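Following: one structure in structure tokens, then a few remarks.
This is a predicted model, so every value here is computed, not measured. No hydrogens, no waters, no symmetry mates; every other heavy atom, side chains included, goes into these values. This chain uses plain numbering: 1 for the first residue, then up along the sequence.
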Amino acid sequence: MIATLPMYDWPERRAETDARWLALRDALRAEGFKAPNDLSRADDPMALWLSPGLLIGETCTYPLVTVLEGKVRYVATPVHHAPGCTPGRYRSAVVRRGTGNGVSPPATHDALIAPETVAGRFAANMPESLSGFVALAGDMAASDLGEPGDGDVLWTGSHRASIRAVASGEADFAAIDCVSWAIALNHEPAARDLVVAGWTASRPGLPLITSGGVDDEALSRIRRAVLSAMDAVILDDPFAISPLPDRRP
């Protein structure tokens with residue numbers, strides 16, 4: 001069986017990710033599953049997410065509602081403790097070059113984006129990333145701020161690379177999910193040259209999934225294991241990520 005927790009697995013945090021897995025692995029084994037000793041790691045996690053042997057995996061919400069729809073089953077949503085997170089939900093910090101305390105997350109689920117926040121070139125990790133592109137593009141459209149055109153986006157490949165691109169002046173702003181932003185403040189020197197200038201709307205956080213072939217009884221046991229091993233919630237609607245841009249990249 002396969003297990004993968006790739007979404008916040010920065011090199012500096014590998015030991016933390018592995019410790020998180022050990023607790024979850026033991027809980028899954030207590031529920032009768034043959035959980036693997038170690039996590040599977042791959043440059044492209046899509047093959048792992050779609051594997052019939054997937055026991056537990058962490059994915060982005062946008063793939064969950066697009067390419068993975070009907071092919072995997074939703075398990076639960078981990079709770080993260082970082083500014084911008086609430087139980088089972090998260091949002092992205094919109095960062096620009098600058099210093100100071102920046103803008104605090106709004107008390108509501110709404111976006112907090114001014115025209116000057118999204119002026120210039122957009123550094124985004126990849127077109128299918130909810131936190132890095134899709135959410136902010138959708139919020140911009142919903143706020144009548146337009147949508148980023150193809151020539152206005154610098155595709156970087158990762159949140160960390162987007163942070164570096166904005167800090168170096170290759171781009172003017174980026175959307176970094178609040179958990180990755182908290183990690184970057186601890187581990188990425190370029191983050192110190194940036195300030196939070198706005199926030200996307202709050203949306204369901206990064207989900208845990210299992211193979212689409214898992215039956216209801218096994219899904220219940222996986223959920224029990226997750227809830228016993230980590231701070232997590234089961235959302236009524238983990239797919240509610242609107243508004244989205246009309247033009248999907």
Reported CZ-to-CD distance for the pair F122 and E147, which is rounded to 0.5 angstrom: 11.0 Å
4.5 Å side-chain heavy-atom contact, P127 and W155: yes
Check against side-chain contact (heavy atoms from CB on, under 4.5 Å), L136 and I113: CA-CA 9 Å; L136 183 53; I113 307 168; 3.4 Å; yes
Under 3.5 Å donor-acceptor, W49 side chain and E58 backbone: yes
Hydrophobic cluster membership, L5 vs Y62, 4.5 Å side-chain cutoff: no
Partners passing salt bridge (charged side-chain N to carboxylate O under 4.0 Å, His left out) against R41 (at least two apart in sequence or in another chain): D9, D18
Parallel, tilted or perpendicular: rings of W10 and H187 (30°, 60°): tilted
Rounded distance (nearest 0.5 Å) linking atom OG of S158 with atom CE of M126: 7.5 Å
Greater than 12 external heavy atoms within 6.0 Å of N37's CG: yes
Cluster link L219 to L64, ILVMFWY, side chain under 4.5 Å: no
Any donor-acceptor pair under 3.5 Å from R224 side chain to E31 backbone: no
Test log, rule salt bridge (Lys or Arg N to Asp or Glu O under 4.0 Å), inputs R221 and E217: CA-CA 7 Å; R221 289 191 289 128; E217 187 273 336; 2.8 Å; yes
From H80 atom NE2 to Y90 atom OH, the distance as rounded to the nearest 0.5 Å: 9.5 Å
Residue pair V94 / W199: nearest heavy atoms and the distance that separates them: CG2-N, 4.1 Å
Non-hydrogen atoms of I176 and S162 that approach each other most closely: CD1-CB, 4.1 Å
Flag side-chain contact, heavy atom, 4.5 Å: W181 against S131: no
Distance in Å, L55 CG paired with I209 CD1, rounded so as to fall on 0.5 Å steps: 11.5 Å
Side-chain heavy-atom pair R164, E188 within 4.5 angstrom cut-off: yes
Residues which pass salt bridge (charged side-chain N to carboxylate O under 4.0 Å, His left out) with R192, listed by chain and number, not counting sequence neighbours: none
Same apolar cluster (I L V M F W Y, side chains within < 4.5 Å links), M7/I56: no
Pair D139-R203, side-chain contact (heavy atoms from CB on, under 4.5 Å): steps then yes or no: CA-CA 11 Å; D139 290 344; R203 291 176 172 85; 2.7 Å; yes
Check: Y74 and R223 side chains under 4.5 Å, non-hydrogen atoms: yes
Any donor-acceptor pair under 3.5 Å from S143 side chain to M140 backbone: no
Distance-minimising heavy-atom pair for A76 and V226: CB-CG1, 4.1 Å
Nearest-0.5 Å distance, CG of residue L112 to OG1 of residue T200: 10.5 Å
P78 and L208, any side-chain heavy atoms less than 4.5 Å apart: yes
Donor-acceptor under 3.5 Å (R97 side chain, V166 main chain): yes
Exam field: side chain S51 to backbone G53, donor-acceptor pair closer than 3.5 Å: yes
Minimum heavy-atom distance between R13 and I183, given as atom pair plus value: CD-CG2, 3.5 Å
Sub-4.5 Å side-chain heavy-atom contact between L68 and M46: yes
Shared hydrophobic cluster, V75 / V233 (ILVMFWY, side-chain heavy atoms < 4.5 Å): no
Polar side-chain atom of T4 near backbone of S40 as donor-acceptor pair, under 3.5 Å: yes
Nearest non-hydrogen partners of G84 and P105, listed with the distance: N-CG, 3.5 Å
Single-linkage hydrophobic cluster, 4.5 Å side-chain cutoff, M230 and L54 together: no
Side-chain (T117) to main-chain (A197) donor-acceptor, under 3.5 angstrom: yes
Straight-line distance of T61 OG1 to L206 CG, nearest 0.5 Å: 5.0 Å
Donor-acceptor contact present, side-chain R121 to main-chain G169, <3.5 Å: no
Heavy atoms of other groups near N101 CG, more than 12 under 6.0 Å: no
Ion pair R73/D216, N-O distance below 4.0 Å: yes
Evaluation steps, side-chain contact (heavy atoms from CB on, under 4.5 Å), between T156 and E170: CA-CA 10 Å; T156 65; E170 293 179 81; over 6 Å; no
Minimum side-chain heavy-atom gap F173-V118 below 4.5 Å: yes
Heavy-atom closest pair, residues A165 and A123: CB-CB, 4.2 Å
